[in-house]
Amino acid sequence: MSQYNMRVLLITGTICRGGLEIVLLNLAQGLIAQGIDVDVFSFSDEGKDELFHKFEQKRMFFANKQSLTSVLCRNYSIVHATTLSVGAGVFPAIARAKYKGPVMVTCHGSFDNHPDYMKADIMTSVSCGTADKIRGRVPEPIHIIYNGIDTDVFRRSTEKNSFPKPIICWVGRAHDGNKNFPAFVEIIKKMQDD
């Protein structure tokens, strides 16, 4: 047991190579660094070795090897699930495991309007826009916790005009309609014309 006697289970639909997984990994590592015991459960593995290769494998569970119900029987203080994992069966597994602790659900943008969202004890969102999108379909209030930027790594340059031209990049899935990649392309084209 950790120094705080706290155990957290993070649940996601899949471990692949996206922003949500990076946030999940950083959250897990940050909690572990604070002395909190953290495990990760995923319904599928589409890239664990790419992002989670340095993460303790004994802390990772996948549905093809162990059921969520059996993992939930390990005495967690809190369960934190992503919205897309809810539709994969989080709350039925919670009921089967007779887990009585709090359940937090976070919406990172993708949302499938599942009725089980109303069973969450607390609902969080990574932005005001995402919170607005899900309002009325999840428990209120929706707490907004922005995806963090590590300011020890990413910070303003101290040199004036350190870049000859602005650097603009796209971070995210281009095929996700919520991210509106076509609008990004149009902005870049407009900037080239100016």
Side-chain angles (χ1 to χ4, degrees), residues 1-126 130 133-134 137-139 142-143 145 147 173 175-176 178:
M1 198 61 83
S2 73
Q3 72 182 40
Y4 297 110
N5 293 326
M6 183 175 210
R7 298 193 73 221
V8 176
L9 178 62
L10 303 175
I11 304 172
T12 187
T14 185
I15 298 288
C16 57
R17 295 161 292 283
L20 185 148
E21 290 80 12
I22 292 170
V23 170
L24 185 75
L25 177 60
N26 287 336
L27 174 61
Q29 290 173 329
L31 292 171
I32 291 167
Q34 293 178 45
I36 297 170
D37 194 10
V38 178
D39 290 335
V40 175
F41 178 89
S42 180
F43 285 95
S44 71
D45 175 5
E46 298 176 28
K48 166 186 66 91
D49 294 335
E50 190 168 334
L51 286 180
F52 281 78
H53 63 278
K54 292 183 179 177
F55 192 75
E56 286 183 76
Q57 297 307 296
K58 69 178 184 174
R59 294 181 179 273
M60 296 195 76
F61 303 95
F62 293 93
N64 65 341
K65 298 210 174 170
Q66 192 165 3
S67 73
L68 177 56
T69 302
S70 66
V71 173
L72 282 162
C73 291
R74 294 172 175 252
N75 266 342
Y76 291 100
S77 308
I78 187 167
V79 169
H80 181 184
T82 62
T83 48
L84 291 183
S85 68
V86 170
V90 169
F91 284 96
I94 285 171
R96 285 189 302 275
K98 296 180 176 38
Y99 170 78
K100 300 292 184 207
V103 179
M104 176 176 162
V105 176
T106 297
C107 185
H108 290 261
S110 296
F111 185 76
D112 59 359
N113 207 25
H114 200 281
D116 277 352
Y117 292 133
M118 297 307 280
K119 296 176 182 176
D121 294 296
I122 187 169
M123 191 75 197
T124 65
S125 167
V126 297
T130 300
K133 182 172 118 177
I134 64 176
R137 299 181 282 173
V138 300
I142 302 167
H143 302 272
I145 302 171
N147 286 341
R173 292 180 294 274
H175 65 277
D176 186 337
N178 291 319

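Here the closest non-hydrogen pair linking Ala97 and Cys73 is CB-SG, 3.9 Å. Across every non-hydrogen atom of Ser125 and Ile142, the tightest pair is CB-CG2, 3.8 Å. Here the closest non-hydrogen pair linking Ala120 and Pro139 is O-CG, 3.6 Å. The heavy-atom pair separating Ser70 from Ser67 by the smallest distance is OG-O, 2.8 Å.
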(request) Decide yes or no on side-chain contact (heavy atoms from CB on, under 4.5 Å) for Leu72 and Val79, but give the supporting numbers first. (result) CA-CA 9 Å; Leu72 282 162; Val79 169; 3.6 Å; yes
**Request:** Check the pair Val40, Ile11 against side-chain contact (heavy atoms from CB on, under 4.5 Å), reporting the backbone distance first and the verdict last.
**Result:** CA-CA 6 Å; Val40 175; Ile11 304 172; over 6 Å; no
(message) Apply side-chain contact (heavy atoms from CB on, under 4.5 Å) to residues Val105 and Val90 and explain how you reach the verdict.
(response) CA-CA 10 Å; Val105 176; Val90 169; over 6 Å; no
Check your understanding: Run the side-chain contact (heavy atoms from CB on, under 4.5 Å) check on Met60 and Asp45 step by step: do they pass?
Key -> CA-CA 10 Å; Met60 296 195 76; Asp45 175 5; over 6 Å; no
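How far CD1 of Ile78 is from CZ of Arg7: 13.5 Å, rounded to the nearest 0.5 Å. With rounding to the nearest 0.5 angstrom, the CE atom of Met104 is 9.5 Å from the CE atom of Met123. Taking CG of Leu10 as the start and CG of Leu25 as the end, the distance is 10.0 Å to the nearest 0.5 Å. From Gln66, atom CD reaches atom CZ of Arg74 across 5.0 Å, with rounding to the nearest 0.5 Å. Separating the OG1 atom in Thr83 from the CG atom in Asn113 is a distance of 11.0 Å, to the nearest 0.5 Å. Here the straight-line distance linking atom SG of Cys107 with atom CD1 of Ile134 works out to 4.5 Å at 0.5 Å rounding.
Side-chain contact check for Val86 versus Lys119: every heavy-atom pair is 4.5 Å or farther apart. Side-chain contact between Val71 and Tyr76: present, with at least one pair of heavy atoms (C-beta onward) separated by less than 4.5 Å. Side-chain contact between Pro92 and Asp116 is present, with heavy atoms from C-beta onward closer than 4.5 Å. Put simply, the side chain of His108 reaches to within 4.5 Å of the side chain of Val23, judged on heavy atoms. With contacts defined as side-chain heavy-atom distances shorter than 4.5 Å, the pair Leu9/Leu68 qualifies. Residues Ile94 and Val103 are in side-chain contact: their nearest non-hydrogen atoms beyond the backbone lie under 4.5 Å apart.
For Phe55, the ring-ring contact (aromatic ring centres under 6.0 Å, His included) partners two or more places apart in sequence, or in a different chain, are Phe52.
Side-chain contact of Thr106 with Thr124: a donor-acceptor pair under 3.5 Å is present, judged by distance alone. Checked by atom type, the side-chain pair Asp112/Tyr117 shows a donor-acceptor distance below 3.5 Å.
Checked against a 6.0 Å centroid threshold, the rings of Phe62 and Phe43 do not count as neighbours.
A salt bridge does not link Asp39 with Lys58: none of the charged nitrogens is closer than 4.0 Å to a carboxylate oxygen.
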